[in-house]
Amino acid sequence: MFQTAPIRAASQSDLTREMSDRLQTALTTHLEQAYAPDQRKFLRLFSATETADLLGVTGQFLRKCHSDGTLPEPEVIRNGRRFYSGEELFAARRLLEGGSRTAGKYLPGRRVDDKLQVIQLMNFKGGSAKSTSAIHLCHYLALNGYRVLAVDLDPQGSLTGFCGIQTELEFDGASIYDALRYDDPLPIREAIADTYFPGLDLAPAKLVLSEFETETAVNAGRGVAFFERLSAALATVEDDYDVVVIDSPPALGFLTLTGLYAATSVIVPMTPSMLDLASTQQFIEMTSAYLGVIEETGVQLDHDFFSFLITRDDPSDIPSQQIVSLMRALFQDRVVGATMLRSTAVADAAMLKMSIYEVARAEMTRSTYDRARGSVDAVGAEVASMIQRAWGR
Ligand SMILES: Nc1ncnc2c1ncn2[C@@H]1O[C@H](COP(=O)(O)OP(=O)(O)OP(=O)(O)O)[C@@H](O)[C@H]1O
Ligand SMILES: [Mg+2]
């Protein structure tokens with residue numbers, strides 16, 4: 001149980017250790033209740049309507065595919081209604097793509113000569129919704145038939161938690177740190193775990209990842225340059241994925257920079273407030289300085305897109321809308337047209353370390369769900385079309 005007696009500590013280090021112990025106990029208790037040890041996170045089933053929508057076909061076409069044997073029946077049929085697992089959805093994509101005359105209709109990922117897309121979400125402003133945007137993008141892309149690798153470059157491990165690995169609890173496996181470290185690094189493949197979400201794999205983060213910052217300072221010039229370490233690691237698994245989504249810490253340190261060098265595209269999530277605008281300006285200024293240093297080593301960096309994404313958007317809040325308008329005036333199509341709306345549906349799902357895609361519509365107030373889902377779908381669709389454009393489609 002929790003210790004709730006007032007803390008009496010002999011020193012500041014004792015005080016903070018006691019605070020950390022209490023938080024750890026509370027978190028472990030909460031997580032053990034939310035996810036019993038034998039109960040791994042799993043993905044809900046999708047209704048026939050949702051499945052047809054995700055496949056981009058009509059309900060009638062889907063039914064016909066079952067009756068003519070193009071698609072096997074899903075395992076779960078309740079009261080005559082079909083429900084599909086994530087695996088069944090992916091399998092349906094493969095079968096339909098095989099019989100489709102338009103290549104890429106059901107499996108829109110890379111074709112021969114298309115380069116792996118590596119999208120980094122970064123902003124040193126804490127709480128700008130980097131991790132929330134990252135997991136929603138991962139889930140959108142995976143549900144839409146892309147093979148996605150999530151890379152968590154934040155030692156806080158928020159994205160790792162969203163992917164079903166609770167860093168607060170015991171977790172022995174290898175992590176992205178092991179692939180980046182200077183002493184005896186592991187092949188990244190050994191650090192990648194599959195997740196309960198079909199189409200999505202994860203290179204998880206642990207707290208030890210923060211060592212990369214100090215080790216880089218000490219090991220400058222040793223082995224692969226610090227900024228090339230992630231891209232060199234990703235090159236060994238690139239055939240397995242269409243898109244890599246990188247979440248970064250709220251800092252512009254070596255971790256963010258090794259991500260930035262690996263990235264083929266960058267998204268800067270930003271909450272529209274005056275303070276966030278000011279800190280985003282500083283962030284971009286520092287980024288420019290660091291990119292200049294990397295370019296001086298003779299490397300040419302070329303991002304397919306470098307765009308701002310408005311997060312926690314509240315269209316009824318006039319001051320914030322003025323900032324949104326300003327951003328659009330300054331950067332035109334370098335601001336993603338759709339925004340991530342501020343929504344209790346997203347916040348509530350996040351409390352359970354879930355994206356909105358993991359919550360069934362019936363579990364929430366419909367209008368709240370539809371509004372939030374519509375917004376994250378629109379952002380996902382726009383990013384997907386930016387990816388397709390990078391592939392020349
Ligand atoms: N669209 C949204 N609607 C409501 N709440 C949101 C939304 N997006 C993010 N949040 C909430 O805002 C907070 C910050 O989000 P998040 O953790 O994604 O930010 P971050 O940039 O990754 O933070 P950090 O800098 O610490 O890594 C979280 O509590 C999250 O649940
Ligand atoms: Mg985060």
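Every number for a ligand or one of its atoms is a count from 1 in the order of the listing. One-based numbering along the sequence shown.
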Legend entry - Aromatic ring proximity, centroids under 6.0 angstrom, Phe83 and Phe46: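 They do not qualify: ring centres at least 6.0 Å apart.
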Legend entry - Centroid-centroid distance, Phe283 to Phe124, less than 6.0 Å: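 Centroid separation for Phe283 and Phe124: below 6.0 Å.
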Legend entry - Enclosure of Arg22 CZ (heavy-atom neighbours >12, cutoff 6.0 Å):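 More than 12 within 6.0 Å, yes.
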Is it the case that [X] and [Y] place a side-chain donor and acceptor less than 3.5 Å from each other?
{"X": "Asp377", "Y": "Tyr357", "value": "yes"}
{"X": "Asp247", "Y": "Ser131", "value": "yes"}
{"X": "Gln321", "Y": "Asp314", "value": "no"}

Legend entry - Ion pair Asp313/Arg342, N-O distance below 4.0 Å: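 Result for this pair is no, no salt bridge flagged.
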Inset, instruction - May I ask you to say whether Asp154 pairs ionically with Lys130, meaning some side-chain N is under 4.0 Å from a carboxylate O? - result: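 No.
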As a test of reading the model: which N/O atoms of the protein lie under 3.5 Å from N/O atoms of ligand 1, and at what distance?
residue, atom, partner, partner atom, Å
ligand 1, 1 (N), Leu341, O, 2.8
ligand 1, 3 (N), Ser343, N, 2.9
ligand 1, 3 (N), Ser343, O, 3.3
ligand 1, 18 (O), Ser131, N, 3.4
ligand 1, 18 (O), Thr132, N, 2.8
ligand 1, 18 (O), Thr132, OG1, 2.4
ligand 1, 19 (O), Ala129, N, 3.0
ligand 1, 21 (O), Ser128, N, 3.0
ligand 1, 21 (O), Ala129, N, 3.0
ligand 1, 21 (O), Lys130, N, 2.9
ligand 1, 21 (O), Lys130, NZ, 2.9
ligand 1, 22 (O), Lys130, N, 3.4
ligand 1, 22 (O), Ser131, N, 2.8
ligand 1, 22 (O), Ser131, OG, 2.8
ligand 1, 23 (O), Gly127, N, 3.1
ligand 1, 25 (O), Gly127, N, 3.0
ligand 1, 25 (O), Lys130, NZ, 2.8

Inset, instruction - With the side chain counted from C-beta on, respond yes when Pro249 and Thr256 share a heavy-atom pair under 4.5 Å apart, and no when they do not. - result: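 Pro249 vs Thr256: side chains touch.
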Inset, instruction - Tally every protein N/O/S atom whose distance to the Mg ion (ligand 2) is less than 2.8 Å; waters are neither shown nor counted. - result: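 Counting protein N, O and S atoms closer than 2.8 Å to the Mg ion (ligand 2) gives 1.
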